[in-house]
Amino acid sequence: MERRPAIDYEKDLNPRQLQAVTTIEGPQLVIAGAGTGKTRTLVYRVAYLVERGVSPESVLLLTFTRKAAQEMMRRAATMLDARCALVTGGTFHSFANLVLRRYAPEFDFSSRFTIVDRSDAEDIVNLIRTELGLQGKDRRFPRKSALVNIFSRVVNTGKSYEQVLEEEYPQFSDELEAIAQVAAAYTAYKQRHAVMDYDDLLVHLARLLREKDTVRKRLSNDHRYVMVDEFQDTNPLQAEIAYQLASEHRNIAVVGDDAQSIYSFRGADFRNIMDFPKRFPDCLITTLEQNYRSTQPILSLTNAIIANAREKFTKQLFSQLPGGRKPVYLRPAGTEQQAVRVVQEIRRLRGDGVAAGEIAVLFRAAWHSNELEVMLKRGGIEFIKYGGLKFVESAHIKDLLALLRVLFNPRDGVAWYRILLLIEGIGPTSAKQIIARIVGAGEGFEALTHKTFAKRKYGKDLGALRAALEQVGEPGVTPTTAVTALMDHYRPIMEQKYDDAHKRVNDLASLIQIADNYTSLEALLSDLTLEPPEQALAGRAAASDGADRIVLSTIHSAKGLEWHSVFIIHLVDGYLPSSYAFYKTDSLEEERRLFYVAATRAKENLYLSAPQTASGNSFYNPDIGGPSRFLHEIQDLKTLTKRVN
DNA sequence: CGCTTCTTCGTTTTT
DNA sequence: CGAAGAAGCG
Ligand SMILES: Nc1ncnc2c1ncn2[C@@H]1O[C@H](COP(=O)(O)OP(=O)(O)OP(=O)(O)O)[C@@H](O)[C@H]1O
């Protein structure tokens, strides 16, 4: 076992952190501002537990976002010795997936379920909507994306359909009954076809814990120490899961910052964090005020940003890090000049020896970096972009994945639908008939060569499909073998379908690379949905993995991370805050917190860029105007920042 | 079934 | 403005 120097807890932690780390029994809440060492407290606590003989597998670390989960698990793994790499954890969704693979049969669900992403969910809902004949020319029925949104809102907020419709979709409140009907059919479909959407993972896990006492006891006893990072981002469903997991021992430590709550759109409420002490009146509450990430000039600005929030628990932070430069305030003439300016500044930082991986550009919405990306490419600067069209969302990858999915779960109706529509001569009607035989009549692959279909003009193609699937489907195939074989089947189809097939072939090849890291098809498929390679498609082929590159990220995805130098671009009313939030107080408050999260990512350098003119999304372009109101409202902006051209 | 043409509608963030 | 959906034709 690799030896690392013993941890000196008293040296590495301040007294309050130390108390939180060494209090290992019972409930506790750490509520503290950005960069005060909340995650550090958690990972030291992991080491402390393991050092005292707690088995690492019984320590469970959970959080909502993938990036924060990765960061948390990565930091935990570097502690103490190799044992710390064995702690369980990740996102709530990935944990739910693991548990449900084992316990789904408890509620009559197949363990070999596949996980559907948003676009699959929309496709299913669309099928149902057509089948139920709910669209009419004079009828204003929600489109598929709205329906899926509504369903998800209901699940994540715990509100009723009635309430969600009234509050968020008043234009559809007449359709309550029909919407509920679609929802019921959607649920039935998912059970019949053994598929779960993202929300189902949480719903089913919560239900399992709530209703199956023996399972709850067992899981709770398996995970004697439950810890949740970024607790302000958990919604009621996730909070319930955490509480149930701790039900047998009450060893639950949660850390969070109400000022960084930015996921209300999926049911998180920053006030929820205050429910913890209500539920556990005897809990230890730790607050932290010293920031160890940023220099004082940056902190003075971020304190000023959050000071304008209406409601907040956390206090002013201070830093003892030496030196530091004032945040730079840029006012480029337009968005193109902004991109040029940022590239220029990045070059300067690189010249000064700042590593590329220590530089990040943050923004509100994925498309805000489009211009900058062009400029960076032109300048030969490599970058990683988080957000935007992902590798697994491109049509050809989805096609190939559909083939893998039916191999793993032959009942997966959406996957079949996608595969069948690729065949010339098969449209929605034939596809449904064929699927009815495969799944409904339980015939499996054999249905593909059933005499009804064999004599139709696409009979030969169905036969070839069956042969391809059966050839791979031998027990014990490795994911690599499966992907390679199905790629041989799919490639000619792709070449016929897409003009730019020669480019797409590279992506299929990267899928083989990815598959190489897996030993089971289940793990490959689950990961590709739950933790897909999040790099946008564009950069994939060019960039060698692990290379040190500039990061472009949405603010949401930057949560929990830190960089030496951070740029926040498009600090313009209409972008940040998003014009969508202008007229809702709560949303505006959340937009401010978003700005706060972005600014608190910076260790040494912070650049704020507010272009003087910014054309919005061309058509829907209201109120995009001056610098962000969150800059305006800061009284001492002039002294807190350095204006540079 | 697969194609074209016309109309309508919503617009952000994540798993 | 662009995507989704309705409608119509061969
Ligand atoms: N007591 C300490 N001594 C030295 N460095 C510390 C201490 N506490 C935290 N740090 C460092 O400060 C930085 C921020 O810590 P950490 O990421 O744990 O904060 P956080 O509270 O989780 O922040 P956020 O809420 O913004 O994600 C890290 O680089 C961490 O190593």
Side-chain angles (χ1 to χ4, degrees), chain A residues 62-69 90-97 115-119 121-123 125-126 129-130 134-149 152 155-156 169 171-172 196-203 230 233-235 237-238 261-268 362-368 386-388 390 392 420-421 423-431 456-458 526-532 534 553-559 570 574-582 584 587 590-591 593-594 597-598 615-622 624:
Chain A
L62 293 172
T63 191
F64 168 55
T65 62
R66 286 184 290 142
K67 289 269 243 2
T91 63
F92 277 92
H93 288 85
S94 65
F95 175 71
N97 176 51
I115 303 165
V116 295
D117 67 8
R118 174 143 195 139
S119 80
E122 288 181 1
D123 289 347
V125 166
N126 216 22
R129 198 185 47 168
T130 325
L134 289 168
Q135 67 274 62
K137 46 178 188 299
D138 301 323
R139 190 170 179 184
R140 284 200 344 253
F141 198 72
R143 52 178 56 193
K144 60 183 181 182
S145 58
L147 285 166
V148 171
N149 273 339
S152 187
V155 167
N156 285 302
Y169 296 86
Q171 70 273 36
F172 300 133
M196 290 196 196
D197 61 24
Y198 292 123
D199 293 339
D200 289 328
L201 292 168
L202 303 180
V203 170
E230 310 284 4
D233 292 333
T234 54
N235 62 26
L237 200 53
Q238 289 163 321
S261 168
I262 54 175
Y263 281 102
S264 72
F265 71 92
R266 54 171 298 287
L362 307 180
F363 35 85
R364 172 74 238 265
W367 62 269
H368 292 173
Y386 298 112
K390 293 192 189 99
V392 287
L420 292 171
L421 287 181
I423 298 174
E424 217 179 303
I426 297 184
T429 319
S430 310
R456 299 192 191 167
K457 58 179 182 294
Y458 47 77
S526 300
D527 268 14
L528 283 176
T529 320
L530 296 178
E531 338 225 290
E534 53 185 326
S553 172
T554 58
I555 298 171
H556 281 89
S557 287
K559 190 63 152 322
H570 281 300
Y575 286 83
L576 184 66
S578 155
S579 49
Y580 204 55
F582 280 176
K584 288 180 255 172
S587 306
E590 181 149 318
E591 297 285 311
R593 293 193 292 268
L594 217 33
V597 168
S615 55
N617 207 359
S618 57
F619 109 101
Y620 185 71
N621 188 14
I624 286 182

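We use all heavy atoms of the structure for the numbers below, so side chains are in, but hydrogens, waters and symmetry mates are not. All chains are named by letter (A, B, ...) in the order of the sequence lines, taking the proteins before the strands, and each is independently numbered beginning at 1.
Between the CZ atom of A:F363 and the P atom of B:dT14 there is a distance of 10 Å, rounded to whole Å. The CG atom of A:D199 sits 15 Å away from the P atom of B:dT14 (whole-angstrom rounding). Spacing between atom CG of A:L147 and atom C1' of B:dC9 amounts to 14 Å, rounded to whole angstrom units. Separating the CD atom of A:E590 from the P atom of B:dT14 is a distance of 12 Å, rounded to the nearest angstrom. In this entry the distance linking CG of A:N156 with C1' of B:dT13 reads 14 Å, nearest Å. One atom, CD of A:E122, and another, P of B:dG10, lie 14 Å apart when rounded to the nearest Å. At whole-Å resolution of the value, CG in A:D197 and C1' in B:dT14 are 14 Å apart. Remark: P of B:dC9 and CZ of A:F141 are 15 Å apart, rounded to the nearest angstrom.
Stacking here means ring centres nearer than 5.5 Å and ring planes tilted less than 30 degrees, and by that measure A:Y580 does not stack onto B:dT12.
Taking atom C1' in both C:dG5 and B:dT12, the straight-line distance is 23 Å, to the nearest Å. Spacing between C:dA4 and B:dT13 at atom C1', rounded to whole Å, works out to 22 Å.
Classification of the A:F172-A:Y169 ring pair by plane angle, with boundaries at 30° and 60°, yields parallel.
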Criterion side-chain contact (heavy atoms from CB on, under 4.5 Å) on A:L576 and A:H570, from CA distance to verdict = CA-CA 7 Å; A:L576 184 66; A:H570 281 300; over 6 Å; no
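Under 3.5 Å, the side chains of A:R143 and A:N149 contain no donor-acceptor pair of N or O atoms.
Other residues, nucleotides and ligands contribute over 12 non-hydrogen atoms within 6.0 Å of the CD atom of A:Q171.
Dashed line: the shortest gap from a side-chain N or O of A:S430 to OP1 or OP2 of B:dC1 is under 4.0 Å. Taking side-chain N and O atoms only, A:S579 has no distance below 4.0 Å to OP1 or OP2 of B:dT11. Residue A:S557 places at least one side-chain N or O closer than 4.0 Å to OP1 or OP2 of B:dT14. For B:dT13, neither phosphate oxygen OP1 nor OP2 lies less than 4.0 angstrom from any side-chain nitrogen or oxygen of A:R364. OP1 or OP2 of B:dC1 has not a single side-chain nitrogen or oxygen of A:R456 nearer than 4.0 Å. Of the side-chain N and O atoms in A:K144, one or more sit less than 4.0 angstrom from OP1 or OP2 of C:dG5. Contact between the side-chain N/O atoms of A:N126 and the OP1/OP2 oxygens of C:dG5 is found at a separation under 4.0 Å.
Both A:L421 and A:Y169 sit near DNA chain B, but only A:L421 has its closest nucleotide nearer the 5' end. Residues A:R143 and A:F92 both approach DNA chain B. Their nearest nucleotides, taken by heavy-atom distance, put A:R143 toward the 5′ side.
Comparing B:dT14, C:dG5, B:dT15 against the side chain of A:H93 picks out B:dT15 as the nearest. Distance from the side chain of A:T429 is smallest for B:dC1 among the nucleotides B:dC1, B:dG10, B:dT15. Side-chain proximity of A:P428 to the nucleotides B:dC1, B:dT13, B:dT12 is greatest for B:dC1. Side-chain proximity of A:E424 to the nucleotides B:dG10, B:dT13, B:dG2 is greatest for B:dG2. Side-chain proximity of A:A365 to B:dT14, B:dT12, C:dG5: nearest is B:dT12. Nearest nucleotide to the side chain of A:R266, out of B:dC1, C:dG5, B:dT14: B:dT14.
Listed by chain and number, the residues in a side-chain contact (heavy atoms from CB on, under 4.5 Å) with A:D527 are A:Y518, A:E531 (sequence neighbours excluded).
With A:Y386 as the aromatic partner, A:R66 does not meet the cation-pi criteria of under 6.0 angstrom to the ring centre and within 45 degrees of the ring axis.
Within 4.0 Å (heavy atoms only), A:I426 reaches sugar-phosphate atoms of the nucleic acid but no base atom.
Here A:F265 and A:Y263 bring their ring centres to under 6.0 angstrom of each other.
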